[in-house]
Protein chains: 2
Amino acid sequence: MLPVEEHASHRRAAMNRFASLDSLLHPGSVAVLGASTDPTRIGGRPIAYMLSQGYQGVILPVNPNRAEVQGVRAYPSVADLPTTPDTAIVAVPAAQAVQAVDDLGARGVRSAIVFTSGFAEVDAGAALQARMMENARRHGMRLLGPNCLGLFNARIGFYPTFSSSFENGWPRPGRVGIASQSGAYGTHVFSTARNRGIGTPICVTTGNEGDVTIGDVIGWMAEDPDTDVIAAYAEGIREAESFLAALAAARAARKPVVMMKVGTSTVGAHAAQSHTASIAGDDAVTNAVLAEFGVVRARTTEEMLDIALTATRRIYPVRNTLGVITISGGAGVLISDAAEALGLPMPEMPAAAQERLRALVPFSAPRNPVDCTAQAFNDLSLVGAFTDSMLDEGGYTSIFGFFTGVGGAESMAPRLRAQLAASMARHPDRLWVLSIVATPARIAEYEADGFVVFEDPTRATVAIHAMGRFGEGFAQTPGLPPPAVPPIELPLTTPSEAAAKRLLAQAGIPAAPEAACATAEEAVAAAERFGYPVVLKILSPDIIHKSDIGGVIVGVRDAAGVRDGVASVLDRARSALPDARVEGVLVAKQLRGGVECILGITQDPVFGPVAVFGLGGIFVEVLRDVALHRCPFGVDVAERMIRSIRAAPVLLGVRGRPPADIAALAAMLSRLSVFAHQAGPRLRAVDLNPVFAMPEGEGAYAADAVIELGAGA
Amino acid sequence: MLPVEEHASHRRAAMNRFASLDSLLHPGSVAVLGASTDPTRIGGRPIAYMLSQGYQGVILPVNPNRAEVQGVRAYPSVADLPTTPDTAIVAVPAAQAVQAVDDLGARGVRSAIVFTSGFAEVDAGAALQARMMENARRHGMRLLGPNCLGLFNARIGFYPTFSSSFENGWPRPGRVGIASQSGAYGTHVFSTARNRGIGTPICVTTGNEGDVTIGDVIGWMAEDPDTDVIAAYAEGIREAESFLAALAAARAARKPVVMMKVGTSTVGAHAAQSHTASIAGDDAVTNAVLAEFGVVRARTTEEMLDIALTATRRIYPVRNTLGVITISGGAGVLISDAAEALGLPMPEMPAAAQERLRALVPFSAPRNPVDCTAQAFNDLSLVGAFTDSMLDEGGYTSIFGFFTGVGGAESMAPRLRAQLAASMARHPDRLWVLSIVATPARIAEYEADGFVVFEDPTRATVAIHAMGRFGEGFAQTPGLPPPAVPPIELPLTTPSEAAAKRLLAQAGIPAAPEAACATAEEAVAAAERFGYPVVLKILSPDIIHKSDIGGVIVGVRDAAGVRDGVASVLDRARSALPDARVEGVLVAKQLRGGVECILGITQDPVFGPVAVFGLGGIFVEVLRDVALHRCPFGVDVAERMIRSIRAAPVLLGVRGRPPADIAALAAMLSRLSVFAHQAGPRLRAVDLNPVFAMPEGEGAYAADAVIELGAGA
């Protein structure tokens, strides 16, 4: 138990979570514990880098054996420092690092960057890390690492990192921030960006994330006035609160977050665990969370940088449409394929405009893709006439010009640039991307004009599509509030099916009409009341998977069938599980004509209860065709989930089948999400399988319900 | 009707199809019709290029107004040429081009390259193109184009093209050939390749494909001793024979073909049609054909070049396994994800080897990905020890080293190269790919050592996987012969369901037991014979879609039900289609416990009959989860198709369901393929829907059969 005042300070820190990273990222002074005179050693590199890049603050080397390190006055210990530094680099062995953090905290240093490895990333180091973090917490310090490569903020020449990646060049000025759990991969992203001319002046690697997480870093960048675009790399999200707050902050600030999240594969997840001791939550859950906040998930590093580069133009169309102007019909086809696969609309040009353009250039194909043919290059003003028409009449939010080597040719480029730039100036709100094969110098000219330039047209199309996704994320209005569900008291142990259905009924989640019956004659009476056919199920709190023991009989059509069936299921239960408490038989109306669905709740170790929706049987089990969302949510989100599965046409009515009651299904799903949210962590899982989505207007009913609970409160 | 001798010469040409392109690609002399003194005009560029690049043959400009063009002696007409050139460039207006081709043919020129547009790519030009092609055929000439950008063969300085792409540089020497239907896109591929240092000395664009098709070009490259790798771009395959022969020739020569086939989208397919008048066959059929021949289909141009570049190493592992050595755990995870998504196995290192490596570098994670950590870089011989162990003990056919900027750093690169090269020398049969961020000069050093270098690790993984797919294609043994099916005479018109089933029964394709019954009492007798439940279906040659008029009743359980049912379906048929010839009712045993499948035949306009397999209902209609293959084929191919669908686990037995009789299903599918092949083009479609795949050993039976026929012979 923490003393009250420490608890309060911890709360303060949490409330001001992102600003508390200022001392790490923008310090006026930095101590270097383990400062080395050798500029190629871990404790020497940061000093050498900061000296070379003109760090605007004070460097305070700590070294018990030297009065001076790389020309800078050094001090024997933290206690001996002349002033309290804003932050400190810890580059001493693991055994000393724990004490070092304590010393820094005692001295009042607000944060530390711990390079040292040998902590939670190896089995033996977990306890050591816990002790170090306890020290940091006690002093209210923020701690980056341990086992991290550090960070850099090139804007103030601050380089608390031992990365060797600067040997090939320093970061360029710009407005893209990099947040990475992996150190080596973070610098790989930085190096690749630098070689492509993308400015990433800030890069933070979080290593073991003893304290500062990737979420904290994203949040800080969301609030940083000098960062426009955030590129993030993660192997697993360790805690939800700051991650979700960060994504919300970025969205509120209209700053796109493009993210690589690896560890989707079996091998990958295993490697991720051995690597930075990540708790890699289920990848599908992460996917759902990223989608919720409008984060674009990049499939490759290259794609992440393509999207980040394009995002620096800060044009994020809400309803993105693509107009393509091309000198190659082939490229037009290729781009159309890519756009359709992504779901990026390419509306046709208005008929009148097409006619006019066809009159201008006889062999042109001005439908969209607009093939102006190489002919337009005999008189380049024709290209401008085409793009003007595409902007004015086609109204496209994004224009993609495929000009390949022609756009790079000395004989063409200056005049082509002038034509396109004039067109762009008429509509500065539109996104312009070009596919050009040219020398770096010529590409730089196009970029200076405000064009984004790619060589590969498919990559360009992916980046254009991402801008629209950002725009939609930023424009998203708050969803409907989750439905009101009365507070429901959970039983002490996992309830029987009937009890589970009663609980869910309190939450407004209906089941098919059914009755718990102690005798065969009660069962017959219930069946006659509901109308045949009925389903019979064994009723026992000890038997969860009833089908597995033959405890379910469907399609019972008359009284004799009910009597036979009751005898059978009781028999089977007795022989399969002699010790189970059997309470009788559940008789339920058998629903016909509905679509079988599955609604469920699973607990994600990081994000808590997650609702799952899919169609029954093979669709979920074999094809994994499901939609997920964090709980709780409103019916609008529920309906989006339902409509997002690949097999959704089955619910919307295919081949003469009536459309299903999606409104009822959505109400059920959103109520389930609220139920799960209110139930808290004792609720391990809910499985409504099947749920019958009846034809429109006829409702949706759970035909089976399993609620799994953890140990009682 | 062609005269006999012309027909014979045409046959000869077909038999020697690819060699007949020699005069186009490797001529000793070339006439230039429409030769221009202006080296920037269409008729001037080829001459300027050939003069600049030292064409090794004779240039013969034809120009009625000049005695000399760009310093070369010119002739007023084809008839005036001093010798008969091997080939000719036609750069005259469309109206004159038809005559020009005739003149060239009369002079004995064996081929022509027609730049001229205004032919089949525009509505009005189809007839003109037909006339020109008729001239070419009559003279036994091969013709490239019309409406094409030409070709180049840099090996002999032959540049019959008006592409402006050389303004930024000439092709590099190398062994990759480019075959492209699109001119502008073909040169885009060439320019991009050149900028990446990939040698593509031969590039052929086929334009309207009046005669020479992309298949011909691939075939010529397959037989060309100086080409190792073929990169192809197509919008639609126009004819099957030469395309299939070319792919077979390439496979026989162990030359990988990597292909972009665009026009998958609605917009794209439309644009493709307007662009080069392609008959874009169904994209899924093309996909199946490419897979059949081991062609790797690239999703993007960049991916095509990645794969082509890697293929120039000529290492095509048959059972490809990937060993990853990395200095970044994060990259290891990312690469593992990519490999798993592709289906590229990454087996673990043997336990003993792991132990030994862990002893060498304590914090290393040598499972695979093998994370040697940055620590190994303090003593680079450790890296060599790791890779040696991966090759010797892990036995990986492909090694991927992720070294990012460290591999590019001056302080590391020379020693790292030496270590890796020594390792490579021990096993020259293994594929080595590195992910390194470095200057072009340093990358060239690695490449000179024999490494393939990528910056992006995901792209590298895709390329490594492709090499294994090539290897599997080359190693593929001829499949089983298609089963023997007796020749079956098709009726003159579309048969009734019962007649269709009888036809299929002759081909060995069984249906559920059934009987055509003229009266209700015959129907009852049949039902009693088969056992209940039964299915009743209206029997009429005029009613194909029986369900649509309520002509099918399932689950009939007794004699009374049969009598009622027969009356109902006859009633419904009479009121829905009063003029239909009704022959009675089909009574069929209702199969239970099987998996519903669909087997079908469709006619592809290019590749002829194609067999389709999928699961019934939603799986095919909504999820498009189907496998396709050209007819005919053996049971091995049929079984591969069945196992390749996403929902295959349903057939293999999921959740207590017994596995289906896949052998029976495969026999049925392969017999259907032979039936369709033998039936010829009058067979428009076959639809066996549903087919019940019963549990293993119990067979597979068509429950419905539709055979659609074209007009009688």
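Naming convention: chains lettered A, B, ... in sequence-line order (proteins, then strands); numbering from 1 in each chain. All figures in this text were calculated on a predicted structure; none of them were measured in a lab.
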Which atoms of A:Ser411 approach chain B - backbone, side chain, both or neither, heavy atom under 4.5 Å: both

Stepwise side chain to side chain contact (heavy atoms under 4.5 Å, CB included) test for A:Thr404 and B:Thr187: CA-CA 9 Å; A:Thr404 180; B:Thr187 50; 5.7 Å; no

- request: Pick one of side chain, backbone, both or neither for A:Glu303, based on which atoms fall under 4.5 Å of a heavy atom in chain B.
  value: neither

- request: Would you please classify the geometry between the B:Tyr185 ring and the A:Phe402 ring as parallel, tilted or perpendicular, with 30° and 60° separating the classes?
  value: parallel

Sole residue of B:Thr461, B:Leu334, B:Asp456 in side-chain contact (heavy atoms from CB on, under 4.5 Å) with A:Thr300: B:Asp456

query: Contact part of A:Glu302 toward chain B, heavy-atom cut-off under 4.5 Å: side chain, backbone, both or neither?
result: both

- prompt: Given that the side chain runs from C-beta out, which part of A:Ser164 has a heavy atom under 4.5 Å from chain B: side chain, backbone, both or neither?
  reply: side chain

message: Quick check: do B:Arg299 and A:Thr458 have side-chain heavy atoms less than 4.5 Å from each other?
response: no

- prompt: Crowded around A:Arg41 CZ? As in, over 12 foreign heavy atoms under 6.0 Å?
  reply: no

task: Examine whether an atom of A:Met412 lies under 4.5 Å from a heavy atom of chain B, and if so say whether it belongs to the side chain, the backbone or both; otherwise answer neither.
output: neither

message: Is A:Ile327 in contact with chain B via its backbone, its side chain, both, or neither, using a 4.5 Å heavy-atom distance?
response: backbone

message: Report which part of A:Val122 has an atom under 4.5 Å of a heavy atom belonging to chain B: side chain, backbone, both, or neither.
response: side chain

